[in-house]
Amino acid sequence: MQLILDQITFSRSDFTLHAQGTFTPGVHLITGRVGSGKSTLGEIVGRALSPVSGTVRYDGISSSVLSMQFPEYHLTTTNLKDEILSWGRDPEPILETAGLIGRGGDDLLTLSRGELKRLHLACLITGRYDLMVLDEPFAGLDEEARYWISTHLDEHREGIIIIISHDVTTLPSIDQIWEMQDGVLTSIGHVSQALTTWTSAPPLIRYILNHDHELSGLSWHDLVEAVCRIHE
Amino acid sequence: MIQINSVRHGFLSIPDLTISPGMVAITGPNGSGKTTLLEMIAGIITPPGSISIDGVDPRQVTVGWVGEFPDCNMIFTRVFDEIASPLRFVQQPCEEIDALVHGIAGLIGLTDQLDHPIRRLSGGQKVLAALAAALINRPEVLILDETDSHLDATTLNTVDSIIRSAAVPYLLFATHRPDRVARADRVIVLQDGRVLREGTPDEIYQETLSRTRDHLTPLRLLRNPELWRAVYATDP
């Protein structure tokens, strides 16, 4: 199973995106500045947009899902229980996971945006997909929800999971790091080698790398262990 | 001071809360009432009870607001018009508006974008345009409602430096990000519609850690304000 981006381009106004690369099974992190094209790439890979040129090949991928930043975009019903059923999930466990027990009959618009995102992600990541694209899955979520998502992704590492995020404080174990810069996708490499060459790493990662040479991964467990070593 | 007394709205209940001038982080679980509290302070919601900002009703105070997805709240097509809108709505003279828009656009770095449509801005530029519109009439209170959720560290540093130079008396921001909480003067933690605790970032962190140990304790080590001060001391 692999996802191949073969010289794809996409243009909108004066912005042009170029991407080339192969995504193999595992968890991939795509980072980059706001406006660098991360979400556009996610929408192309998630089949919501078509590239202007080049091809996206889904070798051996028979099911895929895209989680967009706006949880509102995913709504198809009016109350929580119906929304969960629309994903083909059992309402009670999902309501419990999302911290929304007893609210199955509530109107979806009575939820805060964070609660809506928790509900959406609880429905989405409990499914089994060959390709899962998660655009800023941690944005707007509290500690408990972040913990659950990260733990769930670590325990169910199936297929290709692409996480688009600039927030590196609650990541699951990452296999490959990619970066979007001014519309161009670059592979930083497998995490074990990439950490030492990742010059544009977020501030927390740069700090840890400057003080702890044993950092071997980007999961929050790896970061906690490194911080504990630094402060020993 | 922002003084809140005997306020109830839906599930949010605040018997007594005083907020001093400065940077105040509002944090807490999803659905705990962060946005509702900010809407009350901004005068968008007027619940029973008493809310005053330096002794004045919130509806008579100039408040700037930037949301999580600022472009969703923009009503004009052109960058200039969006930034100018708060002044146009109160019928300021055109020459004055023109000077103020160019002044703040220069400060924020959007001068070259003023005649462009909003949709042509990058995500970070849209946040900066919303910030310019929020700051242009010199608010006494600036509210950022999870504006940091989707921003990278570089864009956030730009936002921080703009806010510092604007010297707004009260900056209130809802956030889940530990690096943002660490930069606040005070932190208000909400839970289930109530103020769970209030204090400095270090006090809040120590109190959180000292509670019953649970599955989130290791993750909370990454919320240590001391860690984030060290991160930004070496990587400003």
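Worth knowing before you read on, the calculation uses all heavy atoms, side chains too, and leaves out hydrogens, waters and symmetry mates. Letters A, B, ... are given to chains in the order of the sequence lines, protein chains preceding strands, and every chain is numbered from 1.
- Contact tally against chain A (heavy-atom pairs below 4.5 Å) for B:D179, B:T36, B:N30: the top residue is B:N30.
- Listed options A:R113, A:R146, A:K117, A:E225 were ranked by heavy-atom pairs under 4.5 angstrom with chain B; first place goes to A:R113.
- Ranked by heavy-atom pairs shorter than 4.5 Å toward chain B, the options A:T151, A:I208, A:L141, A:L100 are led by A:L141.
- A:R103 has a carboxylate O that lies under 4.0 Å from a charged side-chain N of A:E115, or vice versa, which qualifies the two as a salt bridge.
- Of the listed residues B:T27, B:L222, B:L121, B:T175, the one with more heavy-atom pairs under 4.5 angstrom with chain A than any other is B:L222.
- Note: B:L216 leads B:T35, B:V127, B:L216 in heavy-atom pairs under 4.5 Å with chain A.
- With a threshold of 4.5 angstrom between heavy atoms, A:H221 does not approach chain B through any atom at all.
- The environment of A:Q181 atom CD is sparse: at most 12 non-hydrogen atoms of other residues, nucleotides or ligands sit within 6.0 angstrom.
- Residues A:P172 and A:S219 form no side-chain contact, since every pair of their non-hydrogen atoms from C-beta on lies 4.5 Å or further apart.
- More than 12 heavy atoms of other residues, nucleotides or ligands shown are found within 6.0 angstrom of CG on B:D185.
- Both the backbone and the side chain of B:T155 come within less than 4.5 Å of a heavy atom of chain A.
- The heavy-atom pair separating A:I177 from A:A194 by the smallest distance is CD1-CB, 4.0 Å.
- Taking chain B as the reference chain and counting heavy-atom pairs below 4.5 Å, the highest number among A:G37, A:S112, A:G140 is found for A:G140.
- For a residue to count as touching a neighbouring chain, one of its non-hydrogen atoms must lie under 4.5 Å from one of that chain's; by this rule A:R33 touches chain B with backbone and side chain alike.
- Within the 4.5 angstrom heavy-atom criterion, atoms from both the backbone and the side chain of A:Q69 approach chain B.
- Only the side chain of A:V227 comes within contact range of chain B, with at least one heavy atom under 4.5 Å from a heavy atom of that chain.
- Taking a cutoff of 4.0 Å between a charged side-chain nitrogen and a carboxylate oxygen, B:D148 and B:R177 do not qualify as a salt bridge.
- Between B:P178 and B:R223 the shortest heavy-atom distance is CB-CA, 3.6 Å.
- Taking 4.5 Å as the limit, every side-chain heavy atom of B:Y170 sits out of range of all side-chain heavy atoms of B:V24.
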